[in-house]
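Keep in mind that this is a model prediction, so the values were computed, not measured. Note on naming: letters A, B, ... go to the chains in the order of the sequence lines (proteins, then strands), and numbering restarts at 1 for each one.
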Protein chains: 2
Amino acid sequence: VPANSPNSERRSGDPAWILGVDIGGTNIVVGAVPFEGADAQGVKSMPTQPERGADSVVARVAEMVNETVAWLEREHGASRDTIAGVGIGSPGPLNRAKGIVINTPNLGWRDFPLRDLVSEAVGFQATLDNDANCATFGEWWMGAGRSYDNLVGMTLGTGIGGGMVLNGELVHGASDSAGEIGHMTVDLTGRKCKCGNYGCLEAYCSGPNIAARAVEGLDIAENSILSELVGGDLEQITAATVYEAAIRNDRYANEVLAETAKILAAGVGNIINVLNPQAIVIFGGVTRAGDHLFVPLRAEIRRRAFRSAADACAILPAALPDTAGVVGAAGVFKKTVFGRV
Amino acid sequence: VPANSPNSERRSGDPAWILGVDIGGTNIVVGAVPFEGADAQGVKSMPTQPERGADSVVARVAEMVNETVAWLEREHGASRDTIAGVGIGSPGPLNRAKGIVINTPNLGWRDFPLRDLVSEAVGFQATLDNDANCATFGEWWMGAGRSYDNLVGMTLGTGIGGGMVLNGELVHGASDSAGEIGHMTVDLTGRKCKCGNYGCLEAYCSGPNIAARAVEGLDIAENSILSELVGGDLEQITAATVYEAAIRNDRYANEVLAETAKILAAGVGNIINVLNPQAIVIFGGVTRAGDHLFVPLRAEIRRRAFRSAADACAILPAALPDTAGVVGAAGVFKKTVFGRV
């Protein structure tokens, strides 16, 4: 029995496991989370393949959940009735009470009753919350945010999202859409964002927009290796290309990252001034830029935010970068059904 | 009397009253708030006169509290032991646990133990929270925000501040400085703010900055009555002058307000996208601009924020514009000492 594993023998009281499901645009991740809390075990990841349709995604989730149940039976001698249920994290916007995904451009779903379809397919009770909330809740429950009551999670990837645990509770807001950190205006008349607004944080600092800004300025950059890294095909430049060039001390790529840090600091500074969190946990590919981004980011945050609030706020990489969503989805299930974590 | 701990004096049953004190840069307001909640009664307001020194302000607060106790005895036949204690709201930043005001430029205080000095002077237990939190809590407890679990208060005056009640609890943050809504960056390279940052919401939309922007553009404005309203002395133009001109259909003043609405909407939109509140309650002189500000503001918010979140959020004027701070200070006292409101 691995460390941190709960007693695997049949108990008549509390259940021993919760299954966590993290549905992303690229992959579905499923794992078993000990009821009293620990990192996920028996974790599996498979491609989402949303182009095969919503029913196919539900079938794949059900298959992965069933495999995880079989794994628990085999590895831990767990029986089905020691499993409390399934927590699901999905891109939003969604309606938690109804368990419906309202609209996800990346998955192509609209008013899709994800929670109940999964629940029926696997024969367990299920809950639904959005992916960024789940990741934040996972880091708060069992990751980098364990010791904090006030924590903000920030996902920097294809888009920029977020979640908030304040006074020890996830903040969902009036219509389950709290945490849209990427769509704070930081530049009134700035870049057009795909949300329709101008000057959103995401319009500068999402992965695709970091790449787009790098390409836009490339024709006046001197001696940058960016073009070389993609064999001259500028359309192949991604944020990861920019990080790679920066790590190789490419001056232009580092300028792009310094500018990114400056703009990101305005967004992070806004969060610090408004919420005064004890920590901000950062998820996503952007963390691969390491010190090339985080050193200027921390300096810029101190310029933007109130000193006492900035000093009180740790900026941390995720401790569970691959499983926070699974752990958090299970934590949300427990909190919703049992009223505690 | 040790503060933030249950009342050490003998009591039979629940108390009937809490005294609320709202200390502002201009006025001190004191009133008696029924223990089970209602608007403040026997409300008095006196000039703060901070230039006379901190001890003089404490003496004035004590005098006003004693008068309110005498009023309760006279008008309600209340005895001292039916009064639970005193809730104090003050400009911050402050340390709630220690009851200390850390630093208020407007009052000239630094590490000032306001709570205990007031408590000793009046012989009641006391609590301390910041003015914007108290005003927001007052509106949530007994004002425009009564029916909401997720409420943001926004004070638009000499500065721009705020408070948040989320999941039914005030959000104080890691170092009691949550709610600095006025210091969100909305324009990366914009106007210098007195906080040291550039492009803060407050640098455009506080009363003095609305006036400053109006004066800055006045030399190219045609036929504006602004100058006339102040007898040609442009230094006399305040935000109130701009509202007055706008109400008289001055085209330039209305342009200034439309621009103000546009920038304010970026800040309000950020709050809506990040917190998805059920309502934002607006306090302060700016509400006097009425539809000249609020009609374009509501339209701009719908351009900036996610539609579903904007639709879910009521933008309301304060229901207790003069007493929310007093009611909320008393509510914070009750919540702190009795664990409930």
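- Of all heavy-atom pairs spanning Leu275(A) and Met164(B), the tightest one is CD2-SD, 3.8 Å.
- Interface remark: Ile263(A) contributes backbone and side-chain atoms alike to the contact with chain B (heavy atom separation under 4.5 Å).
- A donor-acceptor pair under 3.5 Å is absent between the side-chain atoms of Arg304(B) and the main chain of His183(A), judged by distance alone.
- In this structure, Asn150(B) contributes its side chain and Ala174(A) its backbone to no donor-acceptor pair below 3.5 Å.
- Between Asn270(A) and Thr185(B) the shortest heavy-atom distance is OD1-N, 2.6 Å.
- Most heavy-atom pairs under 4.5 Å with chain B, from the set Ser177(A), Pro93(A), Gly162(A): that is Ser177(A).
- In this structure, Phe294(B) places its CZ atom where more than 12 heavy-atom neighbours from other residues, nucleotides or ligands lie under 6.0 Å away.
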(request) Before giving the answer on side-chain contact (heavy atoms from CB on, under 4.5 Å), spell out for Arg303(A) and Asn197(B) the whole-Å C-alpha distance, their side-chain angles and the decisive distance to 0.1 Å. (result) CA-CA 7 Å; Arg303(A) 277 191 205 120; Asn197(B) 186 19; over 6 Å; no
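- The local environment of NZ in Lys262(A) is sparse, with at most 12 non-hydrogen atoms from other residues, nucleotides or ligands closer than 6.0 Å.
- Heavy-atom distances place the backbone of Asp176(A), and not its side chain, under 4.5 Å from chain B.
- Within a 6.0 Å sphere centred on NZ of Lys192(A), heavy atoms belonging to other residues, nucleotides or ligands number more than 12.
- Atom OG1 in Thr189(B) sits 6.0 Å away from atom CG in Asp187(A) (nearest 0.5 Å).
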(message) If you apply the rule side-chain contact (heavy atoms from CB on, under 4.5 Å), what do you find for Met184(A) with Val274(B), and how did you get there?
(response) CA-CA 7 Å; Met184(A) 284 188 294; Val274(B) 173; 3.5 Å; yes
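- Note that CG of Asn167(A) and CG of Asn167(B) are 8.0 Å apart. Values are rounded to the nearest 0.5 Å.
- Taking each heavy atom of Asn276(A) and Ser175(B) in turn, the nearest pair found is OD1-N, 2.8 Å.
- Among Asp311(B), Val171(B), Ile272(B), the residue making the largest number of heavy-atom pairs under 4.5 Å with chain A is Val171(B).
- For Tyr148(A), no part sits under 4.5 Å from any heavy atom of chain B, backbone or side chain.
- For Asn273(A), the parts lying under 4.5 angstrom from a heavy atom of chain B are both the backbone and the side chain.
- The closest side-chain heavy-atom distance from Val186(A) to Val186(B) is not below 4.5 Å.
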